[in-house]
Structure formats: C-alpha cells, structure tokens
> 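This is the structure I have questions about; it appears just below.
Numbering starts at 1 and runs along the sequence shown.
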Amino acid sequence: MYSYKSLGDSQANRNSSAVEYRDSIDSRDNIDEPSSSKREHRSWSSILLILKDAILIITTITAITLAFSRYHEPPRDRCYCGNNIAEAYTLGCEYDTLASAWLPQHCIDKELTAEFDRSGDGPNGTWQYWADYSHERELTLNQLAALAEVPGAIYYTSSQWHVVHCIFYWRKQMRLPKTGVTLEPRYNHEGHAKHCGMIFQYPNLGSQAGVVLDSDIF
C-alpha cells in the first residue's frame with residue numbers, strides 16, 4: 001500500500017525545519033557575541049598596559065633627573081663652581097658681577113646684585129669694564145665672565161666700582177640672617193675688610209680684579 005502524508009503533516013515538518021534553522025542562527029550569534037566582548041576586553045587591557053609602562057618610564061626618568069641634579073649641586077656651605085665654565089653650568093652656577101665670580105645659587109644675593117648693577121658710574125647707572133689699563137678695550141659681561149677660564153687674567157674698572165663693591169659686600173654680610181645666602185670664603189675674612197679699608201683711604205688708585213670659579217679659597 002502507498003502511504004500518503006497529509007498536508008497538515010508537511011506543513012508541520014516545514015515549520016519544524018524553520019524553527020531549527022532560526023535556533024541554529026541564534027546559537028551562532030550567541031557564540032560570536034562573547035568572542036567580540038573578549039576582543040574588546042583584550043584591547044582595553046593592552047591600552048592600560050601601555051599607559052602603565054609609560055607612567056613607569058616617566059617616573060623613572062624624573063627620579064634619575066632629580067638624583068642627578070642633587071648629586072651635582074654643591075653643598076650649601078660651599079661656593080665652588082668647578083674647573084671650567086661648562087662644569088659651572090652643570091653645578092647650577094652663574095656669573096655674579098658683585099662677586100666678580102661664578103657662584104652657585106645659594107651664594108648669590110640676587111636682589112643686592114641687581115641693585116649693584118644699577119649703581120655704576122657709567123651710562124644709565126651701569127659699570128664699565130676694560131681689558132686694558134688705559135680703558136680702551138671695553139669688555140661685555142659675557143667676555144668678563146669668560147675670563148674665569150684664562151689663567152691669571154685681570155680686568156680693569158673704575159675706583160668707584162671697588163668702593164661700591166666693598167660697601168655692597170658689607171651689606172651682603174648684614175643681610176645673611178634675612179636672605180639665608182652663604183657668604184663665600186673669598187670675602188668672608190678680615191683680610192678683605194682690611195683691603196676695603198685701604199680702598200677707602202686711597203680711593204683714586206684705580207681698580208683691577210680677576211674672575212674666579214672657586215670662591216672657597218682666598
């Protein structure tokens with residue numbers, strides 16, 4: 001005998017196949033969804049790891065820089081600036097016109113030096129400096145500062161410069177409790193006071209001076 005399926009059975013089979021097909025698609029979607037989430041998680045993890053490494057590198061560089069600067073900074077009881085101008089810059093020194101020397105920051109009374117630079121007998125209250133006794137070859141401040149690297153080099157200026165230099169150094173000494181500045185051994189002794197006394201007694205002798213890198217010696 002032949003077996004015939006009813007129309008209802010065929011329709012039921014088709015509906016069942018459609019349901020199975022949709023379930024299969026949904027199942028694949030559910031599988032892909034976690035994979036996408038995992039990729040996004042890995043991406044954020046990589047970004048955070050890079051940021052962490054960058055912060056670690058920056059922190060390390062900063063620590064090394066601070067340690068290097070502290071190592072090269074002269075002790076506060078010293079006014080030493082090395083053996084040449086390049087080393088002076090490494091030590092944080094600068095040329096100080098009042099001292100006629102390269103000094104570290106803790107040995108400079110910046111306010112007083114600025115006032116000294118405005119108290120000259122030259123044009124507009126400046127001081128003039130020369131390479132020769134006859135005052136024919138004038139020096140710029142950069143040329144003056146560079147004399148520190150020339151053994152035995154001296155420069156010439158006015159008698160008034162020397163008088164005012166002495167007055168301002170006494171002021172620098174009196175201001176120490178206020179400023180906390182270190183007075184360099186080059187001038188912090190009785191010999192310098194006697195020298196200034198002679199300048200006051202014989203103010204027209206003229207003036208000459210040298211530029212030093214080490215103000216710890218006199």
> Would you say the side-chain atoms of S134 and D132 include a donor-acceptor pair closer than 3.5 Å?
yes

> If you measure from CD on Q173 to NE2 on H192, what distance do you get to the nearest 0.5 Å?
10.0 Å

> For a quick test of reading the model, state the closest non-hydrogen atom pair linking E184 to C107 and the distance between them.
OE1-O, 4.1 Å

> Measure the spacing between CG of L112 and OG of S119 and express it to the nearest 0.5 Å.
9.0 Å

> Do Y155 and L98 share a hydrophobic cluster, counting only Ile, Leu, Val, Met, Phe, Trp and Tyr and linking them when any side-chain heavy atoms are less than 4.5 Å apart?
yes

> Do any N or O atoms from the side chain of T157 and from the backbone of Y129 form a donor-acceptor pair under 3.5 angstrom?
no

> If you take all heavy atoms of A146 and I85, which pair is closest and at what distance?
CA-CD1, 3.8 Å

> What pair of heavy atoms forms the shortest contact from I217 to D214, and how long is it?
CG1-O, 3.6 Å

> Distance-only, no hydrogens or angles: does the Q105 side chain make a donor-acceptor pair with backbone N or O of G92 under 3.5 Å?
yes

> Using modelled atom types only, decide if a donor and an acceptor are shared between the side chain of Q128 and the backbone of E138 within a distance under 3.5 Å.
no

> If hydrophobic clusters are built from ILVMFWY residues whose side chains come within less than 4.5 Å, do L141 and F116 share one?
yes

> Contact between R175 and V181 at the side-chain level, heavy atoms closer than 4.5 Å - yes or no?
no

> Between T179 and D109, do the side chains contain an N or O donor and an N or O acceptor separated by less than 3.5 Å?
no

> Verify the ring-centre separation between W161 and Y156: is it less than 6.0 angstrom?
no

> In the structure I gave you, are the side-chain heavy atoms of Y95 and N142 within less than 4.5 Å of one another anywhere?
no

> Would you please name every residue forming a side chain to side chain donor-acceptor pair (under 3.5 Å) with W130, sequence neighbours left out?
none

> Taking Y187 as the starting point, is it possible to reach I154 by hopping between hydrophobic residues whose side chains are less than 4.5 Å apart?
no

> Kindly indicate whether the side chain of P185, heavy atoms from C-beta on, has any atom under 4.5 Å from the side chain of H189.
no

> Do N83 and L213 touch side chain to side chain, with heavy atoms closer than 4.5 Å?
no

> Any sub-3.5 Å donor-acceptor pair from H106's side-chain atoms to R78's backbone N or O?
yes

> If we only count heavy atoms from C-beta on, is the V211 to S100 side-chain gap below 4.5 Å?
yes

> Can you name the nearest heavy-atom pair linking L91 to G82, along with the distance?
CD1-N, 3.6 Å

> Would L103 and C93 count as a side-chain contact (heavy atoms from CB on, under 4.5 Å) here? Give the steps.
CA-CA 5 Å; L103 293 176; C93 298; 5.9 Å; no

> Counting the benzene-type ring for Trp, do W170 and F200 have ring centres under 6.0 Å apart?
yes

> What's the shortest heavy-atom distance between L139 and L147, and which atoms?
CD1-CD1, 4.2 Å

> Using atom types as modelled and distance alone, determine if a side-chain donor or acceptor of D96 lies under 3.5 Å from a backbone N or O of W102.
no

> Taking a hydrophobic cluster as the set of Ile, Leu, Val, Met, Phe, Trp and Tyr residues connected by side-chain heavy atoms closer than 4.5 Å, whether directly or through intermediates, do V164 and I108 fall within one such cluster?
no

> On a heavy-atom basis, which atom in S158 and which in W127 lie closest, and how many Å separate them?
OG-CZ3, 3.9 Å

> To the closest 0.5 Å, what do you measure between NZ (K172) and CD1 (I167)?
16.0 Å

> Taking the six-membered ring where the residue is Trp, are the ring centres of H195 and H165 under 6.0 Å apart?
no

